[in-house]
Amino acid sequence: ILDLYKRVFEELYAVPVLKGKKSEKEKFAGAIFTTSVEAFIPNGKAIQGATSHCLGQNFAKVFDIKFLDENKQSQYVWQNSWGLTTRSIGIMIMMHSDDKGLVLPPRIAPVQAVVVPIFYKDSKGVLEESRKVKDMLSTMFEIELDDRTEYTPGWKFNEWEMKGVPVRIEIGPKDVEKSQVVLVRRDTGIKSFVPVTELKNTLAKTLDDIQSNLFNKAKKFHDDNIVETKDWAEFMSAIKNKKMVYSPWCGETECEEWIKDKTDGAKSLNIPFNLPKKISDNCPQCGKPAKVWCYFAKSY
């Protein structure tokens, strides 16, 4: 299920995540173990993206959930608990959005592009052309036509930017004359002039580019802000500088609580599955032999 979580975050939300197992202290109460995907957002905090808990038979025994096995003997069921919730939407918003408002990846945007006609007194042809463009694109994309007359084009631009629509398509009188549109990307603000005959292909490519750009930008931030350290002073410095720390660790709850106290709130996120076969390092926090490598950061 973590592979599915990872695909949702990275392929749809364009948010890179780390898969791993929670510590005993951070696991779900009553579970045998908990696994998670963790994200790191631009304000310097980590956030748990989604979890999966192996509950074993603990809850089955509490709630008396049984089945008959092949020998017709009553057995308690084994259970998992999977949790991917609306917090994932919040993570996406915090990862990509800017001072203008939302920035939505095209694959999950309810409106992928908005057509905004630029009205003037003698601009009847602009609205007709805008409707044609909207109808043409609606066969492939989620398109909105903003033909409201009570708002200026600038007001509309601002509103759709706040809503995070990936692409704005502007059509004015000169564009109608030239059989073109002005295509504006929400992620970069870059404008381009596109012939109407090439608009379908260009929009498809642009949406793919935006999706990739959002993920690559988030991935670069994510990778650039992970600090690998075996030294406690470096550990403390990284946390103070709002980084995520990757460190050898003894795995003991007492040490974990000490870390949280000394760093004013940094906690273990998860322990990756692809650990070295042999860990010869000492825990930089308490000096005991390290059993695992673990991600630490201040977290929601």
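Just so we're clear, the structure is a prediction, and the values are computed from it rather than from any experiment.
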Any chain of hydrophobic side-chain contacts (each under 4.5 Å) joining [X] to [Y]?
{"X": "Leu12", "Y": "Val37", "result": "yes"}
{"X": "Phe296", "Y": "Ile279", "result": "yes"}
{"X": "Leu84", "Y": "Val15", "result": "yes"}
{"X": "Trp155", "Y": "Val116", "result": "no"}
{"X": "Val8", "Y": "Leu2", "result": "yes"}

In Å, rounded to the nearest 0.5 Å, how long is the span from [atom1] of [X] to [atom2] of [Y]?
{"X": "Glu161", "Y": "Asp99", "atom1": "CD", "atom2": "CG", "answer": "12.0 Å"}
{"X": "Leu127", "Y": "Thr149", "atom1": "CG", "atom2": "OG1", "answer": "9.5 Å"}
{"X": "Ser97", "Y": "Leu102", "atom1": "OG", "atom2": "CG", "answer": "4.5 Å"}
{"X": "Asp175", "Y": "Phe193", "atom1": "CG", "atom2": "CZ", "answer": "7.0 Å"}
{"X": "Lys298", "Y": "Thr263", "atom1": "NZ", "atom2": "OG1", "answer": "6.5 Å"}

Below 4.0 angstrom, N of the basic side chain to O of the carboxylate: do [X] and [Y] qualify?
{"X": "Arg168", "Y": "Glu170", "result": "yes"}
{"X": "Lys219", "Y": "Asp223", "result": "yes"}
{"X": "Asp187", "Y": "Arg185", "result": "yes"}
{"X": "Asp3", "Y": "Lys19", "result": "yes"}

How does the hydrophobic cluster around Leu137 look, that is, which other residues are in it when side-chain heavy atoms under 4.5 Å mark a link? Val103, Val115, Val126, Val133, Met136, Met140, Phe141, Ile143, Leu145, Val167, Ile169, Ile171, Val176, Val181, Leu183, Val194, Val196, Leu199, Leu203, Leu207, Ile210, Leu214

Output the rest of the hydrophobic cluster of Ile190: all Ile, Leu, Val, Met, Phe, Trp and Tyr residues reachable through side-chain heavy-atom contacts under 4.5 Å, sorted by chain and number.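 Once heavy-atom contacts under 4.5 Å are chained together, Ile190 still belongs with nothing else.
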
Donor + acceptor pair across side chains of [X], [Y] (<3.5 Å):
{"X": "Lys21", "Y": "Asn270", "result": "no"}
{"X": "Lys260", "Y": "Ser268", "result": "no"}
{"X": "Glu256", "Y": "Ser23", "result": "yes"}

Worked check of salt bridge (charged side-chain N to carboxylate O under 4.0 Å, His left out) between Lys205 and Asp209: CA-CA 6 Å; Lys205 184 178 184 303; Asp209 286 346; 3.1 Å; yes

Under the ring pair (Phe, Tyr, Trp, His ring centres under 6.0 Å) definition, can you give me all pairs with a residue in residues 58-113, not counting sequence neighbours? none

Only distances under 3.5 Å count here; give the side-chain donor-acceptor pairs of residues 41-50 to other protein atoms, sequence neighbours excluded, each with its distance to 0.1 Å.
from, atom 1, to, atom 2, distance (Å)
Asn43, OD1, Lys45, N, 3.1
Asn43, ND2, Tyr300, OH, 2.7
Gln48, OE1, Lys22, NZ, 3.2

Where do Asp147 and Ser130 land on the side-chain contact (heavy atoms from CB on, under 4.5 Å) test, with the steps shown first? CA-CA 9 Å; Asp147 56 1; Ser130 298; over 6 Å; no

Which residue pairs pass the side chain to side chain donor-acceptor pair (under 3.5 Å) test with at least one member in residues 282-296, sequence neighbours excluded?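 Non-adjacent pairs meeting side chain to side chain donor-acceptor pair (under 3.5 Å): Glu252-Lys288.
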
Salt bridge (charged side-chain N to carboxylate O under 4.0 Å, His left out) between Arg148 and Asp146: does it pass, once the steps are laid out? CA-CA 6 Å; Arg148 295 174 293 176; Asp146 191 344; 2.8 Å; yes

Aromatic plane relationship, Phe9 with Tyr13 - under 30° parallel, 30 to 60° tilted, over 60° perpendicular: perpendicular

Does the pair Lys156 and Glu159 meet the rule for a salt bridge (charged side-chain N to carboxylate O under 4.0 Å, His left out), with working shown? CA-CA 5 Å; Lys156 295 177 185 179; Glu159 181 181 39; over 6 Å; no

Aromatic ring centroids of Trp258 and Trp249 under 6.0 Å? no

Sequence neighbours excluded, which residues qualify as side chain to side chain donor-acceptor pair (under 3.5 Å) partners of Gln112?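 Side chain to side chain donor-acceptor pair (under 3.5 Å) check on Gln112 returns nothing, list empty.
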
To check you understand the geometry: which heavy-atom pair defines the closest contact between Ala14 and Ala218, and what is its length? O-CB, 3.8 Å

